[in-house]
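Both ligands and their constituent atoms are indexed starting at 1 by order of listing. Residue numbers start at 1 and run along the sequence shown.
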Amino acid sequence: MTDLSRSALILVDIQNDFLPGGALAVPDGDSILEAANALAQHPFRAVIATQDWHPFQHCSFSTQGGLWPVHCVAGTHGADFPQTLLPEPVTHIIRKGVLQERDSYSGFLDNDRATSTGLDGLLKGLDIEHVVICGLALDYCVMATALDAVQCGYRTEVVPQACRGIASNPGDTLKKLKKQGVLLKSLNTF
Ligand code: VGL
Ligand code: ZN
């Protein structure tokens, strides 16, 4: 069995608003839950869930001139993890996009590239050298998180079977990830 003692699983933005029926539903998003739950059963040193967590007048909202419908407002049902995501394996939660004037696709850094969420420090403190990433949305927050993980020096793997994107075709995103040094892994290799 693979040694996962210096590995972390990062579950990106698996939240009600990104699932069918949510404010910013990712098509077919609920189909990753079984795979995400299965991955989380492996003996990772840490299982980290990122949580999009916006103030109600966040700059990313179309009501404020941003790109997205109002979603993942702090403390609302839409920002919660779905009941179908098993909570027991999750060891840490990292909230992002918490400041009104900045957005954060990546679980590591805000889009201004200046403000850290604390994820890199958390992983370094746990002596993690390898991260496995899955979640929503593949072409936004999963991609940004994976590219930053490479930049931060982690051996970085994405599990496409446990990701769904907003765009219907994942090809361009997967190509970009590979080009930047992200390894694509199949579920059955864990
Ligand atoms: C996301 C758009 C806005 C994501 C979050 O999780 O991919 N996308 N906020
Ligand atoms: Zn958001």
Less than 4.0 Å is my threshold; does some heavy atom of His71 fall inside it relative to ligand 1? yes
Can you tell me if CD on Glu129 sees more than 12 non-hydrogen neighbours from other groups inside 6.0 Å? yes
Measure Val26 to ligand 1 on non-hydrogen atoms and call it side chain, backbone, both or neither using the 4.0 Å cut-off. neither
Does the side chain of Thr189 reach to within under 4.5 Å of the side chain of Ser186, using non-hydrogen atoms? yes
Answer yes or no: does an N/O atom from Ala137 fall short of 3.5 Å to an N/O atom of ligand 1? yes
Heavy-atom check, side chain of Leu187 versus side chain of Leu39, under 4.5 Å: yes
Describe, in one word, how the ring planes of Tyr105 and Trp68 are oriented to each other, choosing from parallel (under 30°), tilted (30 to 60°) and perpendicular (over 60°). perpendicular
Non-hydrogen side-chain atoms of Leu147 and Leu177 separated by less than 4.5 Å: yes
What do you reckon, are the aromatic ring centroids of Phe61 and His54 less than 6.0 Å apart? yes
Which heavy atom of the protein is the closest neighbour of atom 5 (C) of ligand 1, given with residue, atom name and distance? Asp52 OD2, 3.2 Å
Among non-hydrogen protein atoms, atom 2 (C) of ligand 1 lies closest to Trp68 CE2, 3.4 Å
Within a reach of under 6.0 Å around NZ of Lys124, are more than 12 heavy atoms found that belong to other residues, nucleotides or ligands? yes
Can you name the nearest heavy-atom pair linking Gly29 to Pro20, along with the distance? N-CD, 4.3 Å
The expected count of protein N/O/S atoms at less than 2.8 Å from the Zn ion (ligand 2) is 3
Relative to the heavy atoms of Asp13, which atoms of ligand 1 are at a distance of less than 4.0 Å? 4 (C), 6 (O)
Closest non-hydrogen atom pair between Asp17 and Ala23, with its separation: OD1-N, 3.1 Å
Return the residue, atom name and 0.1 Å-rounded distance of the protein heavy atom closest to atom 1 (C) of ligand 1. Cys141 SG, 3.2 Å
